[in-house]
Amino acid sequence: MSIAPNSILALDQGTSSSRAIVFGTSGRIEALAQRELPQSYPRPGWVEHDPRRIWADQIATARAALAKASAGGDGVGAVGIANQRETTVLWDRATGEPLHPAIVWQDRRTADICAALRAQGLEAEVRARTGLLLDPYFSGTKLKWLLDQLPGSRQRAARGELAFGTVDSWLLWMLSGGADASTRAQAVHATDVGNASRTLLWNIHSQAWDETLLRALDIPPALLPRVHASSHVYAHTAPGLLPRILPIGALAGDQQAAMFGQACFRPGLAKNTYGTGCFLLLHTGGAAQASHSGLLTTAAARLDGQAPQYALEGSVFVGGAVVQWLRDGLHAIAASGEVEGLAQSVPDAGGVVFVPAFTGLGAPYWRADATGTITGLTRGSTMAHVARAALESIAFQSAALLQAMNRDVQAAGGQPVAELRVDGGASANDLLMQFQADLLGIPVVRPQVLETTALGAAYLAGLSCGMYAGLDAVESLWAAQRRFEPALAPAQAQARMQEWEHAVRKALAA
Ligand code: G3P
C-alpha cells in the first residue's frame, strides 16, 4: 500500500559529482547517495564528461537514496533535477547515443569562435538578446563547434535526428524513456528557462529561441529542446527505472536551484555558492536588469504561470578549487579540511595576495588570458600565508562581484544588497565567512540546510506536484544557522580590496 506523499527526490548533477537526496517536505534530509564524476582533460583548456557515465551514476544514486529513505522511498511524490549548467550534450534521438563527450562549461576550446563572432560585431547583439557575452563558458559556441567538427551532424540535426541539451535535458530525456529502446519514442526533450538562458541562443526578453543568433551560429532549430517554467511537470519516469513511476516536477540549473533553495525569490535577495567556482546571484524580480559592470543577466527559476523572473549573476571560475590546488598541485595540505587550520596558524596573509586565475578570470574582469599570480612574497612568507591568501582570494573575488552588482543596482535606482546568503562546501569555513563579511561590510548568513541546490530542485518539484501551497510555504522553511557580522572598519576593508585589485592588475599584465 502506498503512503501519502511526504518527501521529494532531488537529483543534483554537478561538475564534480552526481548526487541524489531525498528531502522530507520540511526540507530535512532523509537520505543521500553520491558518486564522484571523472573529469577528462584531453588537451590544454579542454574539459569533458562522459554523458553515459553521468546517466549511469545519476540513476544509481537515485536508486540508492530511495532505498535508504524511510519506507524505501514510498513517500516520495516527485523528482526534481538540478544540473551543472552550460555543459553541452549532443545525442542521437534514435539510438540514445551521445555523438561526442559532453563539453563542460569550463572548457575554453571555443575561444577562437568567440573572437571571430566578436570581430563580426556580434557582442552587443548577444548582450542585448541573451544577457550574456561572447565567452566559451556558454553552450552556443560549444554546440557550433560540435556541428562544425562532426561530419554530417549539421545536416542530421536539420533533419531532426539529433538532440542538443544541457545536462538537465539529457537526464530528463533518459529518465522519461530515452534510456531504453522500448520506451525511447515517448522520451521528452525539454529544458527550463534558466538553463535555456545560459545557452547564448535564448532571448531572455521574448522568451524564445533567438532566430538571429541561431543563424549567426548556424544552428538548426530542430535540435533544440522545448522550454518550460522550472517548476513544471515535464514527464513521468519510464516504467522499471525506479521502484515506482514518479512525476519529474522540476528542472533548474544548479545556481538557479540554489537561489531558490535559499528562498531568494524576491527582488534584492542574494546568495553566493562556494563550490569549485563561486556563483553570486541577485534576484531582480520581473526586471531583466542590464549590467554595465561585467555581470550577466539571467533567468531565475520560475513557477508555471508565473511571469518571467530575472537575476544578475557573477561567476568566479576558481573558488574552492584553489584549495584543491593547494592539496594536489602544491601538496601544502593532505586533505581540503586542513586548510582552515593552516590558514589560521598565522594572524594574517603577511602581505601575500593570491589571484587564482588558473582558467582566466571570470566576472567582472572577463579575461580569458589572465594567469594565476601570487604577489607580496617575502623571505618570511610561509605555506600558511599562501594558504591564508588562497582562502582570502575566494572572498576577494566574491566581494568584487558584489561591488559590481551594487553599482548596477544603484545605477538603476535600487538599494545595495543588505545581506548575503551563503551555501556550498566552503561556506562551512568560518574563517572564510568572517573575512567575507569583513570585506563586504554586510552580514553573511549561513542557512541550516547547506544542500541548497538539491533543496531548491526539491521545492520546485514539490510546488508543481501540489506538495506546497505556494512560495510563502517554501519561504517559511528557510532558517539561518549562523550570521557573520562585519568586524573590520570600512577603511580597512577598502584598503584590502585595493591590495586585491593591485594583484589582479599584475595577473592581467603577466
Ligand atoms: O555555470 C556552471 C555551474 O552551474 C557549475 O556549478 O556546482 O557544478 O560547479 P557546479
Side-chain angles (χ1 to χ4, degrees), residues 10-21 34-39 47-49 54 57-58 61 81-89 102-108 130-133 135-142 165-171 191-192 194-200 202 230 251-262 271-281 295-301 311-324 336 358-360 362-363 366 394 397-398 401 422-427 450-457:
L11 307 183
D12 176 7
Q13 205 303 303
T15 313
S16 27
S17 67
S18 302
R19 296 139 59 77
I21 303 182
Q34 133 166 23
R35 287 191 181 183
E36 261 203 40
L37 183 65
Q39 312 288 311
V47 189
E48 296 181 347
H49 289 158
I54 288 178
D57 284 358
Q58 201 59 83
T61 55
I81 299 176
N83 59 291
Q84 52 165 319
R85 305 168 305 166
E86 299 98 11
T87 297
T88 300
V89 188
I103 304 184
V104 177
W105 59 277
Q106 295 155 322
D107 191 293
R108 316 297 299 168
T130 68
L132 309 176
L133 37 81
D135 188 89
Y137 179 20
F138 309 107
S139 322
T141 57
K142 299 181 198 293
T166 38
V167 170
D168 56 315
S169 298
W170 168 242
L171 290 176
T191 191
D192 87 303
N195 274 296
S197 78
R198 314 296 296 187
T199 59
L200 213 73
W202 176 254
S230 323
L251 303 182
D254 53 11
Q255 302 312 320
Q256 276 84 349
M259 192 179 200
F260 202 85
Q262 287 271 31
K271 73 91 197 174
N272 195 16
T273 300
Y274 298 79
T276 317
C278 294
F279 297 92
L280 210 165
L281 275 79
L295 302 175
L296 308 173
T297 309
T298 207
L312 271 177
E313 171 172 335
S315 339
V316 166
F317 293 151
V318 175
V322 73
V323 178
Q324 282 165 11
S336 300
F358 301 145
T359 51
W366 295 108
I394 303 173
Q397 294 179 95
S398 301
L401 291 182
V422 295
D423 54 72
S427 70
L450 279 185
E451 296 287 355
T452 50
T453 298
L455 184 61

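Just so we're clear, the structure is a prediction, and the values are computed from it rather than from any experiment. Counting starts at 1 for both ligands and their atoms, following the listed order. Values below: every heavy atom of this structure, side chains too, minus hydrogens, waters and symmetry copies.
Remark: the Asn272 side chain and the Ser398 side chain contain an N/O donor-acceptor pair separated by less than 3.5 Å. At a cut-off of 3.5 Å, with distance as the only test, a side-chain donor of Gln262 or Asp423 sits close to an acceptor on the other residue. For the residue pair Gln256/Arg85, the side-chain donor-acceptor check at 3.5 Å is satisfied. Side chains of Asp254 and Thr453: a donor-acceptor N/O pair is absent below 3.5 angstrom, by distance only.
Remark: ligand 1 and Arg85 share an N or O pair separated by less than 3.5 Å (distance only, no angle test).
Ligand 1 places these atoms under 4.0 Å from at least one heavy atom of Gln255: 6 (O), 7 (O). For ligand 1, the atoms lying closer than 4.0 Å to a non-hydrogen atom of Tyr137 are 1 (O), 2 (C). Residue Glu86 approaches ligand 1 through these ligand atoms, each under 4.0 Å from one of its heavy atoms: 1 (O), 2 (C). Applying the 4.0 Å criterion to heavy atoms of Gly14 picks out, from ligand 1, the atoms 8 (O).
Taking the six-membered ring wherever Trp is involved, the centroid distance between the rings of Tyr274 and Phe279 does not fall below 6.0 Å.
Closest to atom 7 (O) of ligand 1 among all protein heavy atoms lies Asp254 OD2, 3.3 Å. In terms of protein heavy-atom proximity, atom 9 (O) of ligand 1 is closest to Thr15 OG1, 3.0 Å.
Using cut-offs of 30° and 60° for the angle between ring planes, the Tyr137 and Phe317 rings count as perpendicular.
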